[in-house]
Participant: 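Below are the structure tokens for one structure; questions will follow.
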Amino acid sequence: MQLDQLKQVSDVEWRIAPFGKMRVPAVIYADQALITEMDDKVFEQITNVATLPGIVQAAYAMPDAHWGYGFPIGGVAAFDADAGGVVSAGGVGFDISCGVRTLHTGLKAEDVAPLKQRLADRLFTHIPAGVGSTGKLRLDAGGMDAMLRGGARWAVEHGYGSEADLDRIEEHGCMAGAEPGQVSEHAKRRQRDEIGTLGSGNHYLELQEIVEIHDTKAADRFRLRQGEVVVSIHCGSRGLGHQIGTEFLRQMVIAAPGYGIDLPDRELACAPIHSPVGQAYLGAMRAAVNCALANRQVITHLTRKVFADLLPGTHLSLIYDVSHNTCKEEWHTVDGQTRRLYVHRKGATRAFGPGHPSLPGELRDIGQPVLIGGSMGTASYILVGTEEGGTRAFSSACHGAGRSMSRHQATRQWHGRALVDELASQGILIRSPSLRGVAEEAPGAYKDVSAVVEAADRAGLARKVAKLKPLVCIKG
DNA sequence: ATGTCC
């Protein structure tokens, strides 16, 4: 990215004053190296987002931002419904509520080491992964609607996990306002047998060792101890979310001109929050959020069964579950005024600071765990939301490493088999149904996750708590 | 991300 078009505010904040049809400034959080390497498309897309009706304060890009559909991945934008604010399907993304959860095992890495191969094989056998993968659950029409209304709560009521899990999930495991009636039959048909499956692309299930502690107080509260093992699950709403995204994008492209919305890019298709299309999308999107929460909950249950077989007595308790692709109704203070806003986070994590009423009682005084999934074979991080985050990007942080290279480009540069072998030599076991998928996910096709996290930390978006290193990765 | 093109 050309730095001369940006005003540097600090070593990790860059500002673009409104020009053309921009209603608000755009802000990019990144250090000098990250922003220099950042795709020019991020500049174009984040300034386009700043032109949308009803946008509040600024359009934001996180340190892991890269080119997405309409909005950049790593983009955050909030809209005021009463000021003509809009909701955008491209602003949420196709994999609605894609997210990460991390489970505490209490096991020491040295005790898991002798079982690594067997754990990898057993997890790979029991947790369906890959394009079009199906699970054991079959949902009829009634079951589908109940799942779309209930989310992880539905899963727990059906024997997948416990009530205690729900306390550690955003929205308490169940997104209110879901309207299964707004979800097409086609979308539901695609999802009928996909609950409890990982999917493909950057989705994974990992066993990870806690290798560094940066904040002992927060780490203690999250029960993160150096040398212990956690399990992280990264997946989303599978075919259902994708179908909803596709259908509403089309509807919004058609509807936008009728609402007098002038789009700089048709990929930014949106509808006023106070409009039939806007409301229908929100109802369907919230149903897809519940689908993703149910999916991660069922996969958690399958993971627990594998551990119960190989390491009897192990208790996998949920530390936290965050979503990366959402539009949520939240209260934020803007210029001293508390306003109800619709916050789009696309490839960005909610990061509420200490005291936020939405946090579980046990964690309210310390802040929200922010789970950052790195690329395959590198590192992941756990951060905590900060007080000052409330004044930056509506309490949001980065979500991962962020791609630095297209999937196609990655397959020309790396071979799946060679990557699997190389990672195995480093003690990282990869299991995947697709060697091509592995090549697309080559660590070299991603930004440096440590640099991304460091920038988010220095920008005050969230504070580093612990670093995790992969031991086993089940890759979709 | 995605029954990787209805």
Side-chain angles (χ1 to χ4, degrees), chain A residues 41 45 64-75 88-100 128-135 137-139 144 183-205 233-251 267 269 284-285 287-289 291-293 295-296 299 322-327 344-349 373 375-376 399-412 416 432-442 445-446 474-476:
Chain A
K41 276 281 177 185
Q45 293 193 318
D64 52 339
H66 57 108
W67 185 9
Y69 188 95
F71 283 54
I73 295 161
S88 167
V92 170
F94 283 91
D95 189 5
I96 298 167
S97 197
C98 172
V100 178
V131 177
S133 51
T134 56
L137 257 152
R138 296 287 175 276
L139 294 176
M144 177 64 65
V183 178
S184 71
E185 287 308 314
H186 187 182
K188 290 175 182 173
R189 206 179 317 124
R190 284 185 67 171
Q191 193 58 34
R192 234 171 1 195
D193 48 12
E194 285 192 343
I195 284 289
T197 66
L198 270 181
S200 63
N202 64 357
H203 291 168
Y204 60 76
L205 182 150
I233 298 166
H234 178 203
C235 62
S237 51
R238 306 287 285 108
L240 181 128
H242 189 269
Q243 190 62 31
I244 290 170
T246 304
E247 290 170 9
F248 275 95
L249 209 79
R250 203 175 299 144
Q251 278 195 49
E267 292 186 358
M285 183 214 62
V289 169
C291 176
L293 298 179
N295 196 28
R296 290 197 283 275
I299 292 172
V322 297
S323 291
H324 292 154
N325 291 351
T326 55
C327 175
H344 293 64
R345 294 188 184 90
K346 178 186 185 180
T349 308
S375 56
M376 180 182 62
H399 82 307
R403 291 199 80 88
S404 60
M405 193 185 287
S406 73
R407 294 185 173 279
H408 185 72
Q409 213 178 334
T411 57
R412 284 182 303 189
S432 175
S434 165
L435 284 174
R436 187 185 148 188
V438 169
E440 289 180 354
E441 291 294 316
Y446 279 83
I474 311 302
K475 190 79 190 161

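We name chains A, B, ... by the order of the sequence lines, and we start the count at 1 in each one. Every heavy atom of this structure was used, including side-chain atoms; hydrogens, water molecules and symmetry mates were not.
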Participant: Mind calculating the distance between CD (A:E247) and P (B:dT2) to the nearest angstrom?
Facilitator: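 My rounded result for the distance is 16 Å.
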
Participant: Contact list please: residues 89-97 of chain A against DNA chain B, heavy atoms, distance less than 4.0 Å, in numerical order.
Facilitator: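 Per residue number, the list reads A:F94, A:D95.
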
Participant: Check this for me: does any side-chain nitrogen of one of A:E194 and A:R189 sit under 4.0 Å from a carboxylate oxygen of the other?
Facilitator: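 Looking at A:R189 together with A:E194, the answer is no, because their closest N to O distance does not fall below 4.0 Å.
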
Participant: Taking side chain to side chain contact (heavy atoms under 4.5 Å, CB included) as the definition, give me every residue that meets it alongside A:R250, ordered by chain and number, with sequence neighbours left out.
Facilitator: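 Applying side chain to side chain contact (heavy atoms under 4.5 Å, CB included) to A:R250 gives A:T246.
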
Participant: A:E440 near the nucleic acid: base, sugar-phosphate alone, or nothing, with a heavy-atom cut-off under 4.0 Å?
Facilitator: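 Here A:E440 touches no strand at all.
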
Participant: Calculate the interatomic distance between A:R250 atom CZ and B:dT2 atom C1'; express it in whole Å.
Facilitator: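 Spelled out: CZ on A:R250 to C1' on B:dT2 is 13 Å.
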
Participant: Under 4.0 Å between a side-chain N/O of A:R238 and OP1 or OP2 of B:dT2, yes or no?
Facilitator: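 The answer is yes; a side-chain N or O of A:R238 sits under 4.0 Å from OP1 or OP2.
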
Participant: Roughly, in whole Å, what's the span from CZ in A:F248 to P in B:dT2?
Facilitator: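 It is 20 Å, rounded to the nearest whole Å.
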
Participant: To the nearest 0.5 Å, what is the distance between SG (A:C98) and NE2 (A:H242)?
Facilitator: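 Here the interatomic distance stands at 12.5 Å.
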
Participant: Should the heavy atoms of other residues, nucleotides or ligands under 6.0 Å from CZ of A:R407 be counted, would the total exceed 12?
Facilitator: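 Above 12, so yes.
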
Participant: Give a yes or no on this: more than 12 heavy atoms of other residues, nucleotides or ligands lie within 6.0 Å of atom CZ of A:R436.
Facilitator: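 No, CZ of A:R436 has 12 or fewer neighbouring heavy atoms, counting only those of other groups under 6.0 Å.
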
Participant: Expressed as a whole number of angstroms, how long is the span from A:L198:CG to B:dT2:C1'?
Facilitator: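 Rounding to the nearest Å, CG of A:L198 and C1' of B:dT2 are 15 Å apart.
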
Participant: Sequence neighbours left out, what passes side-chain hydrogen bond (donor to acceptor under 3.5 Å, both in side chains) with A:D64? Give chain and number order.
Facilitator: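 Counting only residues at least two positions away or on another chain, A:D64 forms a side-chain hydrogen bond (donor to acceptor under 3.5 Å, both in side chains) with A:H399.
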
Participant: Within the 4.0 Å heavy-atom criterion, would you say A:G245 contacts the bases, only the backbone, or no part of the nucleic acid?
Facilitator: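 A:G245: no heavy atom of the nucleic acid under 4.0 Å.
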
Participant: NA contact type, A:H408, heavy-atom cut-off 4.0 Å: base, sugar-phosphate, or nothing?
Facilitator: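 Since no nucleic acid heavy atom lies under 4.0 Å of A:H408, the category is nothing.
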
Participant: Does A:S200 have a side-chain nitrogen or oxygen under 4.0 Å from the phosphate oxygens OP1 or OP2 of B:dT2?
Facilitator: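 It does, given that an N or O in the side chain of A:S200 lies less than 4.0 Å from OP1 or OP2 of B:dT2.
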
Participant: Mind checking A:G201 for me? I need base, sugar-phosphate or nothing, with any heavy atom below 4.0 Å counting as a touch.
Facilitator: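 Touches sugar-phosphate only.
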
Participant: Return the value, rounded to whole Å, for the distance between atom CD of A:Q191 and atom P of B:dT2.
Facilitator: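 Roughly 10 Å, once rounded to whole Å.
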
Participant: Do A:S133 and A:R238 meet the criterion of a side-chain donor-acceptor pair at a distance under 3.5 Å?
Facilitator: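 A:S133 vs A:R238: donor-acceptor pair found between side chains.
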
Participant: Please report the distance, rounded to the nearest Å, between NE2 in A:H242 and P in B:dC5.
Facilitator: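 It works out to 9 Å between those atoms.
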
